Undergrad: 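To start, I am sharing the structure in question, which I have written as structure tokens.
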Amino acid sequence: AAERPVFVKDMCYYVVEQLAVDSGFLRRITSSFLIRDPRRAIASYLALDPGASAEETGYEAQWRVFEQVLALRGAVPLVLDADDLVRNPKAAVRTYCDALGLPFLEAALHWRAALPESWRFVAGWHGSLARSTGLGVGRQEPPPPDLDSHPRLRELVESQAPWYRRLRAFRVSVR
């Protein structure tokens with residue numbers, strides 16, 4: 001990281017407690033947040049883990065880390081909405097790179113269909129990624145699920161939507 005940018009992706013749910021006690025780390029890094037409509041994200045999560053808790057969906061944790069970064073850095077961290085990324089991958093990634101002062105590399109929008117070796121232990125969570133060849137390539141986002149026919153999904157979405165809406169209010173405008 002002393003020589004070039006390093007990208008680390010994690011769910012806030014897994015790191016929120018560690019970040020709460022290590023504010024020095026958050027001061028040294030540039031944080032950004034990818035948010036996703038809870039109707040889609042939670043439906044996807046429940047398909048793999050039907051017993052998932054509200055906490056595990058990560059929305060409140062993401063908001064808590066966002067607030068912590070905002071307080072420590074005094075500036076609003078970048079928030080990118082996954083809907084914008086799916087709708088227009090090139091523009092969304094260019095906006096992301098521009099906001100963070102990174103070079104935009106169009107070639108990074110495409111890759112060989114395969115799961116990285118280091119992700120094999122979580123392969124069940126990344127099946128569509130392993131089959132994909134790029135952002136938006138051959139992908140059509142299905143409509144959000146009907147909450148009326150999924151009581152557990154409705155419960156989780158209703159409890160997490162306020163955290164998502166708070167974050168979404170800060171989302172970057174994709175040109």
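Values below: all heavy atoms of this structure, side chains included; hydrogens, waters and symmetry mates excluded. We number each residue from 1, following the sequence as shown. Bear in mind the structure is a predicted one, so any value in this text is a computation, not a measurement.
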Undergrad: For the atom pair CD (Gln62) and OH (Tyr59), what is the distance rounded to the nearest 0.5 Å?
TA: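 Nearest 0.5 Å value for the CD-OH distance: 7.5 Å.
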Undergrad: Answer yes or no: is there an ion pair linking Glu60 with Arg64, defined by an N-O contact shorter than 4.0 Å?
TA: no
Undergrad: Any donor-acceptor pair under 3.5 Å linking the side-chain atoms of Tyr96 with those of Asp84?
TA: no
Undergrad: Side chain of Trp63, backbone of Pro162: donor and acceptor closer than 3.5 Å?
TA: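 A pair under 3.5 Å: no.
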Undergrad: Answer yes or no: is there a side-chain heavy-atom contact under 4.5 Å between Leu26 and Ile29?
TA: yes
Undergrad: Quick one: CG on Leu19 to CG on Leu72, what's the gap to the nearest 0.5 Å?
TA: 10.0 Å
Undergrad: Less than 4.5 Å apart, side chain to side chain, heavy atoms only: is that true for Leu109 and Lys90?
TA: yes
Undergrad: Checking Arg40 against Ser44: is there a side-chain donor and acceptor pair closer than 3.5 Å?
TA: no
Undergrad: Of all heavy-atom pairs between Ala161 and Pro38, which one has the smallest distance, and what is that distance?
TA: CA-CG, 4.0 Å
Undergrad: What distance do Asp83 atom CG and Arg171 atom CZ have between them, rounded to the nearest 0.5 Å?
TA: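 Going from the CG atom of Asp83 to the CZ atom of Arg171 covers 9.0 Å.
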Undergrad: CZ/Arg28 to CG/Asp22 distance, rounded to the nearest 0.5 angstrom?
TA: 6.0 Å
Undergrad: Can you tell me if Glu67 has over 12 outside heavy atoms packed within less than 6.0 Å of its CD?
TA: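 Yes.
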Undergrad: Compare all side-chain heavy atoms of Phe33 with those of Val65 and state whether any distance is below 4.5 angstrom.
TA: yes
Undergrad: Going by distance alone, is a donor N or O of one side chain under 3.5 Å from an acceptor N or O of the other, for Tyr45 and Thr57?
TA: no
Undergrad: Are Phe7 and Leu102 packed together at the side-chain level, in the sense that at least one heavy-atom pair is separated by less than 4.5 angstrom?
TA: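 No. Closest side-chain heavy atoms not under 4.5 Å.
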Undergrad: Does any non-hydrogen side-chain atom of Thr133 lie less than 4.5 Å from one of His110?
TA: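 A side-chain contact is absent here, since even the closest heavy-atom pair is not under 4.5 Å.
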Undergrad: What's the spacing between Phe66 CZ and Ile35 CD1 if we round to 0.5 Å?
TA: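 If we round to the nearest 0.5 Å, Phe66:CZ and Ile35:CD1 are 9.5 Å apart.
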Undergrad: Taking Tyr14 as the fixed residue, which of Met11, Glu17, Gln18 is the one that meets the side chain to side chain contact (heavy atoms under 4.5 Å, CB included) rule?
TA: Met11
Undergrad: So, do Asp49 and Glu56 sit near enough that their side-chain heavy atoms are less than 4.5 Å apart?
TA: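 Heavy-atom side-chain distance check passes, below 4.5 Å.
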Undergrad: Would you check if Leu80 and Val174 make a side-chain contact, meaning some heavy-atom pair closer than 4.5 Å?
TA: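 With C-beta onward as the side chain, the pair touches.
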